[in-house]
Amino acid sequence: MTDATSRTLIDRDPFTDDTTGGSWFTRGVWPCSFVSCQLADTPNVTAFRRIFTLNHEAEVRIHVTADERYDLFLDGARIGRGPERGAPDCWFFETYDLHLSPGTHTLIARVWMLGDLAPGAQMTVYSGFLCAPEAPDFVPVLGTGTSEWQAKILKGYTFDAAVPVPGYYFAIGAGLLVDSTVLDRGWQRGAGDGWMPAAVRDRGADANAKVEVAPQHLLVPATLPPMIDIDVPPGRVRFAGPAALLGPVNIANTRVDDITAWQALVDDCLPVTVAPRSSWRVIIDLRNYYCAYPILMVSGGLGAVIRMGWAEALYNEPEAQTKGNRNDIDGKYFLGTWDKFLANGSTEQLFETLWWRCGRYVELQVTTADSPVTVANFQLRETRYPLEPSSSFISSDDAVNSVTPIAVRTLQMCAHETYMDCPYYEQLMYIGDTRLEALLTYVLTLDSRLPRKALSIFNASRLPSGLPQSRYPSRVRQTIAPFALLWIAMIHDYARWRNDLPLVLALIPGVRGVLDAFQGYLNADGLVQAPRGWTFMDWVPSWTSGVPPDGDFGVSCVINWLYVMALIMAAELEELIGETEMAARARRRANVLARHICTHFWDSQRGCFADDLAHRQFSEHAQCIAILSGLLTPKQQEQASTALFDDSDLQRTTIYFAHYLFETFVVLNRPDKFFARLGLWLELTKNGLCTTVEQPEPSRSDCHGWGAHPLYHYYTSILGIRPAAFGFAAVRVAPMLGSLEWVEGRMSHPLGEIFVRLETKDGYIRAQISLPDGLPGSFYFNGKMVPLVNGLQTVVLPLEPMSVSSVEQTEKD
């Protein structure tokens with residue numbers, strides 16, 4: 001009998017102290033070893049079993065990990081999933097506290113290794129499982145390699161590597177095929193035959209203490225809490241009926257009775273039976289975007305095939321070119337990710353996927369053989385990082401407000417064991433995407449664990465060149481040099497929004513490595529030329545592969561300005577940690593490079609920066625980063641700003657790079673331009689979207705984390721709440737209301753809550769602002785600055801610059 005189990009987070013290796021004072025080659029070595037199945041090939045799904053008996057009640061702490069993934073069961077009940085996604089040199093382990101009563105218990109781990117068929121973000125060393133009790137007395141009872149663990153290959157799992165939607169890039173791993181006719185049953189409880197002694201591999205090893213390392217897993221404690229595991233609300237059955245499994249949806253072919261029957265299954269688990277020798281198609285609209293583990297229970301139906309598909313939206317064409325309004329399904333094609341289940345004719349056949357699936361629409365395709373099949377249960381369990389906003393924003397404009405839930409949902413769907421660019425296509429953590437996701441996290445919640453992990457694991461990905469990999473963890477190495485510069489921006493962001501100097505100090509060597517690498521890219525003219533890797537900047541339609549003009553092998557203005565911006569941010573970080581000489585060097589390099597850029601790229605006729613040395617191509621991107629650098633002369637900034645506003649021939653920023661455009665509008669104090677370019681997001685709900693898209697239509701991804709960045713600007717640009725010092729030690733409130741009549745928001749701060757309400761009326765702006773005790777601040781509007789005090793206060797200023805102001809102080813709460 002199991003009384004209770006819990007997962008806990010620890011911050012240090014549990015066994016390093018045990019090796020203190022020992023030989024150098026025993027440092028950081030764990031008492032337990034990885035084990036594997038002797039018969040395992042790749043891919044494989046393997047179960048590990050340990051049956052043990054206790055004579056007394058016990059509380060046992062165990063540390064568990066596996067390669068690639070595991071489910072952990074105690075006495076038939078799942079108690080955990082893992083490991084937290086990492087890399088060979090920072091392989092995470094989870095810590096569980098088992099509260100056990102006297103008697104016999106069975107601990108089971110289901111471990112799968114897919115190799116080349118795994119998701120692109122799933123790294124590997126070799127297939128194996130590790131369980132290490134912390135208490136020495138339990139090492140011979142529960143430890144892998146020290147007690148009698150057994151293993152067996154679980155039959156019935158095969159994998160389909162076909163691309164879910166031809167013509168699109170996917171990196172989410174293979175589809176699952178489960179053949180219930182040969183599937184092992186009862187393995188969760190340790191039942192069945194075929195168990196054999198597990199093969200012992202390497203001892204566990206502390207990533208920070210192990211001295212001599214062969215290719216093995218270097219272990220670090222998990223940094224994140226468990227992902228949420230809650231029921232997805234019942235969806236709406238939009239189509240149900242006997243139909244061809246391919247081709248467009250034809251709503252006319254469905255009957256009300258069929259819809260009602262399948263809706264009862266979805267709502268109340270009332271069984272639905274599909275007749276022999278027939279094919280049924282059921283499409284369920286979840287009415288929001290979800291990442292979830294599906295659970296399907298069927299009975300009977302020997303030889304029946306059940307396919308479960310997921311789609312973000314249905315397509316207008318069988319070639320999957322356009323989607324149109326995401327609410328519409330009639331006449332459209334369901335093209336998506338698929339898993340398949342083959343029924344064995346018995347009762348209570350359970351179908352689960354090993355990894356979660358995602359989207360808005362789920363399609364069940366049921367094809368029976370000579371016997372009917374009964375679908376007894378259909379359930380979805382939502383999974384994601386437990387990110388729940390503690391901040392709030394609302395305004396006088398419903399269209400503006402409509403973006404908030406969409407952006408929040410996007411961030412939630414792109415936040416798991418790492419941030420992700422998108423859950424449907426890639427599930428990879430890219431630096432450029434992650435910077436924007438982390439910024440949104442800072443304004444929504446005080447939880448810093450995902451940003452900390454992202455910064456640290458990119459640091460661990462650094463190559464001999466000094467550049468971090470563009471996406472990590474990743475089985476395929478990729479370098480995007482501009483993203484390396486944005487990693488410096490990420491560190492700068494973190495230092496501004498969070499008071500965590502030790503992490504900044506740990507990352508500074510990486511910052512210097514990136515800058516030194518870029519110094520090596522300078523050509524005879526002192527300009528960055530052909531930095532290593534893919535030089536992606538934005539999905540501008542006329543830019544091949546998102547690379548700005550001459551960004552691949554030549555000299556790009558945008559990339560050079562981005563290096564200047566990174567140098568300035570690095571200088572500020574160096575000043576933060578007291579390294580004034582390093583700061584001076586970075587600023588000197590920035591100033592020299594800025595002069596070279598102005599010499600070679602400034603086009604006096606057009607009054608702006610060209611993208612290329614030949615002055616043939618021009619973009620908003622170059623003007624934005626130049627202005628954000630802060631190194632332009634007043635005349636250059638005025639001219640570049642005018643071009644940015646008025647030159648219709650500039651290549652426009654798309655969804656991702658619009659963040660930097662919005663930041664530029666803030667610097668220039670142009671709310672009119674900001675709200676004009678917000679229009680794409682204000683149209684999302686009209687197109688039936690529940691999340692933000694990757695790029696303007698036709699968009700591949702309907703849920704892309706970088707598209708959620710306008711919500712960051714709701715707090716920092718419209719409300720105007722930003723850190724005025726590193727560590728958010730002071731606050732600056734500089735609103736940009738545009739045509740909004742009023743706006744109100746709350747932002748969580750380590751010292752308490754920041755509250756801002758702004759109203760415009762009769763030619764004045766009235767600001768009610770409350771700051772927590774200990775947080776200094778200032779209010780800025782139309783060139784005027786008003787010091788703020790702790791507690792609630794009201795500031796009234798004219799909307800147009802005038803010489804008169806009034807400040808009212810209300811009684812402190």
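Side chains included, hydrogens not; waters and symmetry mates left out as well; all remaining heavy atoms used.
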- Task: May I have the step-by-step check of side-chain contact (heavy atoms from CB on, under 4.5 Å) for Leu411 and Tyr419, ending in yes or no?
- Result: CA-CA 9 Å; Leu411 180 63; Tyr419 288 113; 4.2 Å; yes

- Checking side-chain contact (heavy atoms from CB on, under 4.5 Å) for the pair Leu719/Val733: CA distance, chi angles, key distance, verdict? CA-CA 7 Å; Leu719 281 171; Val733 181; over 6 Å; no

- Test His713 against Leu439 for side-chain contact (heavy atoms from CB on, under 4.5 Å), laying out the working first. CA-CA 10 Å; His713 290 280; Leu439 283 171; over 6 Å; no

- Any chance you could lay out the side-chain contact (heavy atoms from CB on, under 4.5 Å) test for Cys422 and Arg700, step after step, and finish with the verdict? CA-CA 10 Å; Cys422 56; Arg700 176 190 64 149; 4.3 Å; yes

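Considering only heavy atoms from C-beta on, Val693 stays 4.5 Å or farther from His704 through its side chain. Within the 4.5 Å cutoff, the side chain of Asp447 has no heavy atoms near those of the Leu387 side chain. Using a 4.5 Å cut-off on side-chain heavy atoms (C-beta onward), Val45 and Leu354 make contact. No side-chain heavy atom of Ser701 sits less than 4.5 Å from a side-chain heavy atom of Glu426. At least one side-chain heavy atom of Asn459 sits less than 4.5 Å from a side-chain heavy atom of Trp487. Residues Leu689 and Trp681 form no side-chain contact, since every pair of their non-hydrogen atoms from C-beta on lies 4.5 Å or further apart. Two residues are said to be in side-chain contact when any heavy atoms from C-beta on lie closer than 4.5 Å; Leu503 and Tyr494 meet this criterion. Side-chain contact between Val756 and Pro735 is absent, with no heavy atoms from C-beta onward closer than 4.5 Å.
Using the six-membered ring where Trp is involved, Tyr656 and Tyr660 have ring planes that are perpendicular, over 60° apart on the 30 and 60° scheme. Note on ring orientation: taking the six-membered ring where Trp is involved, the planes of Tyr96 and Tyr70 are perpendicular (angle over 60°, cut-offs 30° and 60°). Between Trp497 and Phe728, the angle of the ring planes goes over 60°, which puts this pair in the perpendicular group of the 30/60° scheme. The aromatic rings of Trp91 and His217 sit perpendicular, their planes meeting at an angle over 60°, well past the 30° parallel limit. Classification of the Trp534-Trp539 ring pair by plane angle, with boundaries at 30° and 60°, yields tilted.
Judged by distance alone, the side chain of Ser391 and the main-chain N or O of Ser748 form a donor-acceptor pair under 3.5 Å. The closest donor-acceptor contact from the side chain of Tyr715 to the backbone of Gly745 lies at 3.5 Å or more, if one exists at all. Here the side chain of Ser717 pairs no donor or acceptor atom with the backbone of Val666 at under 3.5 angstrom. When atom types are taken as modelled, the side chain of Asp67 and the backbone of Val125 share a donor-acceptor pair closer than 3.5 angstrom. Between the side chain of Asn325 and the backbone N or O of Asn327, at least one donor-acceptor pair lies under 3.5 Å. Judged by distance alone, with hydrogens and angles left aside, the side-chain atoms of Tyr472 form no donor-acceptor pair with the main-chain N or O of Tyr430 at under 3.5 Å. Within the 3.5 Å criterion, the main-chain N or O of Pro234 finds a donor-acceptor partner in the side chain of Arg287. At least one donor-acceptor pair under 3.5 Å links the side chain of Asn401 to the backbone N or O of Ser395.
Across every non-hydrogen atom of Phe92 and Ala222, the tightest pair is CD2-CA, 3.8 Å. Nearest heavy-atom pair across Pro221 and Asp11 is CG-C, 4.3 Å. When all heavy atoms of Pro473 and Leu428 are compared, the pair lying nearest together is O-CD2, 3.8 Å. Of all non-hydrogen atoms in Glu84 and Glu94, the two that sit nearest each other are N-OE2, 2.8 Å. When all heavy atoms of Leu446 and Ser390 are compared, the pair lying nearest together is N-OG, 4.4 Å. Taking all atoms of both residues into account, the shortest heavy-atom contact from Thr65 to Leu219 is CG2-CD2, 4.0 Å.
Seen from the ring of Tyr290, Arg409 counts as a face-on cation partner, given the 6.0 Å and 45° thresholds. Arg677 forms no cation-pi arrangement with Phe665, by the criterion of a distance under 6.0 Å to the ring centre and an angle within 45° of the ring axis. A cation-pi arrangement is present between Arg496 and Phe726 under the rule of less than 6.0 angstrom and at most 45 degrees off the ring axis. A cation-pi arrangement, defined by a distance under 6.0 Å to the six-membered ring centre and an angle within 45 degrees of its axis, is present between Arg81 and Tyr293.
Once rounded to the nearest 0.5 Å, the distance linking CG of Asn288 with CD of Glu382 reads 8.5 Å. Going from atom CD of Gln478 over to atom CD1 of Ile480 covers 4.5 Å, rounded to the nearest 0.5 Å. In this structure, Ile228 CD1 and His416 NE2 are separated by 9.0 Å, a value rounded to the nearest 0.5 Å. Note that the CE atom of Met308 and the CG atom of Leu176 stand 10.5 Å from one another [nearest 0.5 Å]. Rounding to the nearest 0.5 angstrom, the gap separating the NE2 atom in His492 from the CG atom in Leu576 is 9.0 Å. Note that CH2 of Trp706 and OG1 of Thr654 are 7.0 Å apart. Values are rounded to the nearest 0.5 Å.
Ring centroids of His749 and Phe755 are separated by 6.0 Å or more, keeping the two rings apart.
Of the charged side-chain nitrogens involved, none lies within less than 4.0 Å of a carboxylate oxygen, so that Arg357 and Glu363 do not count as a salt-bridged pair. Under a 4.0 Å N-O distance rule, the pair Arg475/Glu68 does not qualify as a salt bridge. A salt bridge is defined here as a Lys NZ or Arg NE, NH1 or NH2 lying under 4.0 Å from an Asp or Glu carboxylate O, and Asp285 with Arg236 fails to meet this definition.
Under the salt bridge (charged side-chain N to carboxylate O under 4.0 Å, His left out) rule, Glu417 has a single partner from Arg69, Lys453, Arg449, which is Arg69.
For Glu388, the side chain to side chain contact (heavy atoms under 4.5 Å, CB included) partners are Arg384, Gln412, not counting sequence neighbours.
Applying the 6.0 Å contact sphere to CZ of Arg12 captures no more than 12 heavy atoms from other residues, nucleotides or ligands. Asp97 CG: more than 12 foreign heavy atoms inside a 6.0 Å radius.
A donor atom on one side chain and an acceptor atom on the other are not found under 3.5 Å apart for Asp702 and Tyr289. Side-chain N/O atoms of Gln122 and Trp355 include no donor and acceptor closer than 3.5 Å.
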